[in-house]
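A short write-up of the structure that comes next.
The analysis underlying the following values was restricted to heavy atoms, covering all of them including side chains, and did not include hydrogens, waters or symmetry mates.
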Amino acid sequence: MRKSSATRLGVALPSIVGVMICLLAGGAVSLAHASGAPSPASLGRSIFHDASLSASGQMSCASCHVPARAHAQGNTSAVQAGGENLDVAGFRAVPSLRYLNFDLPFFFQKDGTPTGGFNRDGRADDLVEQARRPFLAAHEMGNVDAASVADKLSRAEYADAFRHVFGANVFADVDMAFLAALFSIASFESSARELHPFTSKFDLFLRGRLVLSTQELRGFALFNRPDKGNCAGCHPSTRQPDGSPPVFTDYTYDALGVPRNPEIAANADPAYFDLGLCGPDRTDLAERRDLCGQFKVPTLRNVATRQVWFHNGYFHSLKDALHFYVERDTHPERWYPVDAAGAPDKFDDLPAPLRRNVNTQEPPYDRRPGQAPRLDDAEIDDVIAFLGTLTDGYDDATGTADPARDVALP
Amino acid sequence: MQHNHFGRGALALALGMALSPAAHADEAALKSEIDALRAEVAALQAAVKQMQAGQAQAAVPPPATSAVAGAAPPPAAAAAVSSTAVAATAQPVAGDSALAGTTLWGYGELNYNRPTGNAGDTQADLRRAVIGFGHSFDESTRVYGEFEWEHAVASADDQGETEVEQLYVEHSLTGNYGVRAGLMLIPLGLLNEHHEPANYYGVERNFVETAIIPTTWREGGVAMYGTTDSGFSWNVGVGTGPDLGKWDPSSDEGRESPLGSIHQELQLAKAHDLSGFGALNWQGIPGLLVGAGVFAGKIGQDTSDFPADGAQLVLSEAHVRWQPGPFDLSALYTRGTISDTQALNLTYLGQPTPVPKAFWGGYAQGAWRALEWGRSSLVPFVRYEEFNTGAEYAQQPPGFGTPALPTERVWTAGANYYLNPNVVFKVDYQHFNYDDEALGYGNRFDLGLGYQF
């Protein structure tokens with residue numbers, strides 16, 4: 001009972017404190033607007049870029065979520081290394097933070113479909129909770145606890161501004177100070193237009209301001225067609241019911257059977273499997289073996305600017321990723337290890353009993369060896385051309401898109 | 001009415017008793033008694049007339065069938081159920097002076113559909129149960145409401161719906177015309193304003209007046225209506241219209257009924273762009289009805305950054321109905337267009353349901369009151385329909401156009417058996433020229449039960 005109460009208290013306290021901070025911050029935001037004084041969002045921007053908040057002193061949020069790369073990784077590594085010496089290997093590829101503010105807390109739809117949540121396994125319910133993990137993860141910023149983060153915050157150049165917004169004694173309570181920092185980052189991510197600019201060529205097209213090229217239109221049609229790419233089945237491309245532009249994710253989860261990636265150090269252990277919703281990082285759904293292997297459907301905005309694709313960063317080119325989608329079932333030997341007899345070890349990044357969880361019902365996965373893939377090479381090129389229209393920072397004058405153009409947005 | 005019958009019967013009995021031989025003892029006294037009774041009967045008759053006059057003034061007929069003085073009669077079965085008959089069955093709420101002038105009415109239908117090619121999809125459904133009311137505030141001002149439950153159970157976990165189909169105030173300016181305001185049925189076609197099950201042939205409402213004219217179609221607004229001595233009735237108004245922003249290209253709804261998928265039913269309706277409508281009917285020759293109607297307006301609703309903000313909807317229709325003797329013949333044609341959809345449809349490329357540029361439908365129907373006994377009758381009928389919900393799409397760059405949908409052709413043959421004018425059992429068979437499982441198109445056998453009061 002004591003433990004249970006403590007657990008409840010542990011859950012409740014951050015919420016209560018969070019509400020208090022929201023109230024404080026709400027006032028602060030008003031003040032900021034009125035006087036140009038610092039706000040949680042402006043502090044969040046500073047914290048986001050502050051490498052001194054990590055154990056190494058060399059890693060900030062922006063190190064992995066590079067603003068000019070649509071807030072995703074800037075290098076070609078499948079996963080990033082962190083910790084005090086930047087030598088602790090990570091487990092998953094870096095997701096883009098753009099458009100993340102539209103996500104919802106994790107829930108199951110009436111038909112049982114897992115939906116929403118932050119992180120690739122949805123275990124954080126909001127941006128505040130999502131921001132907590134990297135500060136303390138051994139393979140990321142590597143702080144040992146909240147006190148360590150608070151201590152670094154108190155010595156940051158914006159510490160006075162932090163006190164101005166959250167109170168002169170904010171650093172007296174390390175949990176309060178840490179929570180204030182997380183709230184600041186969440187405020188920045190929610191409010192800064194650079195994180196949800198809707199400045200792509202597709203957005204202009206959706207508003208009727210321009211027409212996509214013939215190849216882009218062909219790719220768009222293939223993307224939508226239920227009998228071809230069927231991409232829109234999970235990455236909706238039409239306006240949302242309230243009229244707002246599509247985010248190209250339905251926030252659900254899917255098991256795609258992405259090949260095991262030897263670039264991830266943890267995969268050297270044949271007993272290690274990253275099973276997404278059912279663990280090992282996420283623990284509350286460990287018993288739901290039917291969900292093993294499912295990862296969150298990401299936004300496809302800025303997908304063409306990524307360096308690696310899928311949760312484990314297995315693919316290093318968008319074209320390979322698309323070929324995998326349509327050839328996974330028609331030519332599995334191209335994507336999975338084959339044994340001496342030439343038989344592919346299909347879905348090799350899942351334990352054998354869980355491979356049945358992989359989606360093999362919907363196009364383009366509903367094929368068998370010997371059948372033609374749902375998209376041929378030329379059609380894949382068309383889809384890639386269309387996906388390029390989802391890159392932020394489109395300049396109609398030059399016909400180019402660059403997410404870096406949005407970084408200056410307020 | 002039953003009360004009146006009882007009163008007259010009691011009088012007859014009293015007279016009979018008075019004239020019996022046992023009462024002949026005193027002829028003069030008898031004559032005097034008869035005179036007294038005559039006077040009493042006259043007084044009672046006067047009182048009954050007065051009561052009837054009072055009821056006629058208080059009784060508010062159901063709006064769907066008879067709210068408009070001189071409106072078109074119910075389309076399908078006027079001989080069996082006239083608007084007057086329905087009005088007469090509307091029940092005044094008695095016993096409370098606060099409710100004097102209030103009537104209740106209603107209707108309902110239960111359907112059974114058995115696809116012949118896929119019996120596993122056989123379905124029985126309490127299609128709808130409807131309660132309506134009318135209330136006269138005074139001789140010239142009335143309010144009408146119609147409340148409907150569809151599919152038996154409406155809750156967060158069920159597919160049923162609860163809806164307000166009509167709710168408007170009507171004010172007569174003279175004997176020949178008036179105004180109304182509120183949520184009103186659009187006066188297009190033969191069915192939309194007269195959709196009670198005893199008023200049409202066949203278990204299901206015809207496709208043309210559900211897929212093209214989205215019966216039951218209502219909008220919020222104001223309207224004027226009236227009649228002329230030469231047999232014309234008219235109805236014009238302005239109000240809300242559909243919202244093209246609601247179009248879902250990934251769903252079948254727009255293919256099933258383009259306007260049915262984007263009408264707003266006055267539910268937090270986007271109302272920037274008003275639409276107009278008008279209808280004209282002529283009934284100058286007994287048994288003949290000729291009419292036409294049009295609905296037009298912008299349907300972009302000033303949605304920001306919406307590539308079809310300038311889209312215009314025009315839906316027009318013409319209808320004729322002739323009821324010579326035991327026959328009931330009708331025909332209707334309707335066509336709709338939506339402009340400026342090229343840029344919008346381009347954003348739906350590859351999706352299964354783009355917005356059509358044109359959609360249309362028409363039908364011809366014949367019914368014959370073959371048997372009639374007492375208040376019951378048997379009316380076999382046959383109907384032929386053609387309709388196309390995607391007859392044409394806006395032109396796109398070469399290679400990106402959408403081909404027109406095939407035209408659906410449906411034969412329906414069956415019979416309405418009226419147990420009495422207000423209770424009907426139905427049976428029919430429907431033959432489709434092509435199957436569409438998603439829309440439920442496929443040969444089928446149907447049974448139905450409907451009532452109205």
Answer with side chain, backbone, both or neither: which region of B/Ser250 has an atom nearer than 4.5 Å to a non-hydrogen atom of chain A?
->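 The answer is neither part of B/Ser250.
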Heavy-atom proximity to chain A below 4.5 Å, by part of B/Phe400 =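 The side chain, not the backbone.
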How about [X] and [Y]: do any of their side-chain heavy atoms sit closer than 4.5 Å?
X	Y	answer
A/Arg209	B/Asp305	yes
B/Phe306	A/Arg239	yes
A/Pro241	B/Lys246	no

Counting neighbours of [atom1] on [X] that are heavy atoms of other residues, nucleotides or ligands and sit closer than 6.0 Å, is the number greater than 12?
X	atom1	result
B/Gln395	CD	no
A/Gln240	CD	yes
B/Gln267	CD	no
B/Glu253	CD	no

Which residue out of A/Ala221, A/Pro236, A/Gly208 racks up the most heavy-atom pairs below 4.5 Å with chain B?
->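 Ranked by contacts with chain B, first place is A/Ala221.
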Do you know which of A/Val211, A/Asp203, A/Thr214, A/Leu222 has the most heavy-atom pairs with chain B at a distance under 4.5 angstrom?
->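 Winner by heavy-atom pair count: A/Thr214.
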Residue selection (most heavy-atom pairs with chain A, distance under 4.5 Å) from B/Thr303, B/Asp248, B/Asp309, B/Leu346 |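 Between B/Thr303, B/Asp248, B/Asp309, B/Leu346, the count favours B/Leu346.
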With a 4.5 angstrom heavy-atom cut-off, could you sort out which part of A/Arg218 is near chain B: side chain, backbone, both or neither?
->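 Interface part for A/Arg218: both.
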What is the minimum heavy-atom distance between B/Gly350 and A/Pro226, and which atoms define it?
->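 Here B/Gly350 and A/Pro226 meet closest at O-CD, 3.8 Å.
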Look at the side chain of A/Asn224 and the backbone N and O of B/Leu349, then say whether any donor-acceptor pair between them is shorter than 3.5 Å.
->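 A pair under 3.5 Å: yes.
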Among A/Leu212, A/Thr238, A/Leu206, the one residue meeting side chain to side chain contact (heavy atoms under 4.5 Å, CB included) with B/Thr347 |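 Filter result, single survivor: A/Leu206.
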At what distance, to the nearest 0.5 angstrom, does CD of B/Gln351 lie from CZ of A/Phe220?
->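 These two atoms lie 6.5 Å from each other.
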